[in-house]
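See structure below.
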Number of protein chains: 2
Amino acid sequence: MKEKHNTREVILQTATRLFQRQGYNGTGLNQIIEESGAPKGSIYYHFPNGKEEIAIEAISMMRKLVLEGAEKDLTGKDSAAEAFEYYLNNVAAIFDLKSCIDGLSIGLIASETAFTHEQLRYSCEMVFKDLQSQHAQILMQYGFDREQAEELGITITAMIEGACILSITYQDGNPLRRIAKQLSLLLKRSQETQGEKQNGNE
Amino acid sequence: MKEKHNTREVILQTATRLFQRQGYNGTGLNQIIEESGAPKGSIYYHFPNGKEEIAIEAISMMRKLVLEGAEKDLTGKDSAAEAFEYYLNNVAAIFDLKSCIDGLSIGLIASETAFTHEQLRYSCEMVFKDLQSQHAQILMQYGFDREQAEELGITITAMIEGACILSITYQDGNPLRRIAKQLSLLLKRSQETQGEKQNGNE
DNA sequence: CATACTCTAGACCGGTTGGTATAATTTTGG
DNA sequence: CCAAAATTATACCAACCGGTCTAGAGTATG
């Protein structure tokens, strides 16, 4: 069975893309079927619990895409400030191309389902927590202490999410680029202040 | 006609609330009708162009609510840092109550319609720009120079939007409170750096 | 080859969607 | 009071929604 699971993967990839672009409520199964080329029977064969099950797996795929994309851009730089600025500028470049926005943001599906689909809300919460952790880990690798890294982790997660929404709305990478600079400054200053605090203790 | 325009206002208020809570695609006209008590005929009488027209007016109402709510909290404080921290803590308190989230955020309707409803996207872009301007104006009132105020304006807009999404997803005001503190620090440091730059020039 | 299992394919279903049409009711102003 | 205008009320519509069902095609194995 050379193509085993291929239909399932195609459905999932199409759904992931469409859910990120239009949201859960704005994406119908028929659109997923058309754009993936998968037969309707296969949707329920592979995802017996229906649309919600597809969405939960799509959120999982978004998580993987976002974490991997960020990891790739955030490591191997001279400082946290440089790393996060580089990452956000890469995300901005994707918006400029107006191309596929997979793996950039989960804010849409998170906020639209928060009051109406508890399982999806919970899945998104877990992804956001993973993103916060990733950011905090990266900051610690660049020398931040744990407490500050954690507070900055959640702040960075929010900033990136908010910046993506602005760029999506403006259909332009410019908001992300401007916010990348401010995030860079924020990180530089935070690290300087941490340095002073450590010197002060000695 | 003592109640002139009352039906129209009730429809609009209900729609504004529901669009903010569930988004545009997640809110059907029948739900607006039920929850507002308005007759279906009146929907098309008052909003002849249908759902999109309601949404455009709802976005306008959201704009008013957000701008007024922020104005009320952001003025009359000792510093920008204190003002924005106070504002975000008030927003957080609303999330803690799990009550009506009107006038807190437009990120959901903005992102879900960005690729599919150009008029709504445009309306949301204008609201975000107004929010940025408001934030920049407030910062200038507290002593920031124009250029820095504008860069911080867009950054604050993104941070608030992102923080609201996290709080919506976590169903908890805590993300907002934590980010309020980081925003306060960011503003303090930005103002100190601006002070040094001015001293350096003299 | 036969059999069992996996997977596809697409018809079908009841319910919901946004919108239309028009009669009935209410309001307004002379 | 009455006519005209404003507004309500509700039946109706085609299209779309997520989900069910079942025949049949494809694959693996003995």
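So you know, we letter chains A, B, ... as the sequences are listed, proteins then strands, and number each from 1. Note that the coordinates shown come from a computational prediction; the quantities given were computed from them, not determined experimentally.
- For the residue pair B:Thr155 / A:Gln182, no side-chain donor-acceptor distance below 3.5 Å is found, with atom types taken as modelled.
- For the pair A:Lys51 and A:Phe19, the cation-pi test (distance below 6.0 Å, angle within 45°) is failed.
- Of the possible donor and acceptor atoms, one in the side chain of A:Thr14 sits under 3.5 Å from a partner among the backbone N and O of A:Val10.
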Once each nucleotide of nucleotides 20-25 of chain C is scored for protein heavy atoms under 4.0 Å, what B/S/- sequence comes out, 5' to 3'? B-----
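- Side-chain atoms of A:Ser42 lie closest to C:dT8 of the nucleotides C:dT8, C:dG18, D:dT7.
- A:Arg189 and A:Glu192 are not joined by a salt bridge, as no carboxylate oxygen comes within less than 4.0 angstrom of a charged side-chain nitrogen.
- Which of D:dT7, C:dT8, C:dG19 sits closest to the side chain of A:Thr7 comes down to C:dT8.
- Whole-Å rounding puts the B:Gln31 CD to C:dG18 C1' distance at 15 Å.
- The shortest distance between the side-chain N/O atoms of B:Asn30 and the OP1/OP2 oxygens of C:dT17 is below 4.0 Å.
- Rounded to the nearest 0.5 Å, atoms CG (A:Asn89) and CD1 (A:Ile179) are 11.5 Å apart.
- Here the P atom of nucleotide D:dA9 and the CD1 atom of B:Ile33 are 12 Å apart, to the nearest Å.
- Under the 3.5 Å distance criterion, the side-chain polar atoms of B:Asp96 are matched with a main-chain donor or acceptor of B:Gly173.
- Between B:Tyr45 and the phosphate of D:dT7, there is a side-chain N or O to OP1/OP2 separation shorter than 4.0 Å.
- Between A:His46 and C:dT8 there is a side-chain N or O to OP1 or OP2 distance below 4.0 Å.
- For residues 49-62 of chain B, proximity to DNA chain D is found at no residue, defined as any non-hydrogen atom under 4.0 angstrom from a strand atom.
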Scan the side chains in residues 64-76 of chain A for donor-acceptor partners under 3.5 Å anywhere in the protein, sequence neighbours excluded, and list what turns up.
| from | atom 1 | to | atom 2 | distance (Å) |
| --- | --- | --- | --- | --- |
| A:Asp73 | OD1 | A:Asn90 | ND2 | 3.3 |
| A:Asp73 | OD2 | A:Asn90 | ND2 | 3.1 |
| A:Thr75 | OG1 | A:Glu71 | O | 3.0 |

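- Salt bridge status for B:Arg146 with B:Glu150: present, with a side-chain N to carboxylate O gap under 4.0 Å.
- The distance from atom CD1 of A:Ile43 to atom C1' of C:dA11 is 16 Å, rounded to the nearest whole Å.
- Judged purely by distance below 3.5 Å, without hydrogens or angles, the side chains of A:Arg63 and A:Ser123 never pair a donor atom with an acceptor atom.
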If pairs are Watson-Crick or G-U with both distances under 3.5 Å, what is the dot-bracket string of DNA chain D, marking crossing pairs with [ ] and pairs to another strand with |? ||||||||||||||||||||||||||||||
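- In this entry the distance linking CD1 of A:Ile32 with P of D:dG18 reads 8 Å, nearest Å.
- Sorted by first and then second residue, the salt bridge (charged side-chain N to carboxylate O under 4.0 Å, His left out) pairs involving residues 34-44 of chain B (not counting sequence neighbours) are B:Arg17-B:Glu35.
- Rounded to whole Å, atom P of C:dG19 lies 14 Å from atom CD1 of B:Ile11.
- When the P atom of D:dC16 is taken as reference, atom CG of B:Leu29 falls 17 Å away, rounded to whole Å.
- Applying the salt bridge (charged side-chain N to carboxylate O under 4.0 Å, His left out) rule to pairs touching residues 160-174 of chain B yields nothing, sequence neighbours excluded.
- Separating the CG atom of B:Asn6 from the C1' atom of C:dT26 is a distance of 15 Å, rounded to the nearest angstrom.
- Whole-Å rounding puts the B:Glu34 CD to D:dT10 P distance at 14 Å.
- Side-chain atoms of A:Thr27 come within 3.5 Å of backbone atoms of A:Leu18 as a donor-acceptor pair (strictly under, hydrogens ignored).
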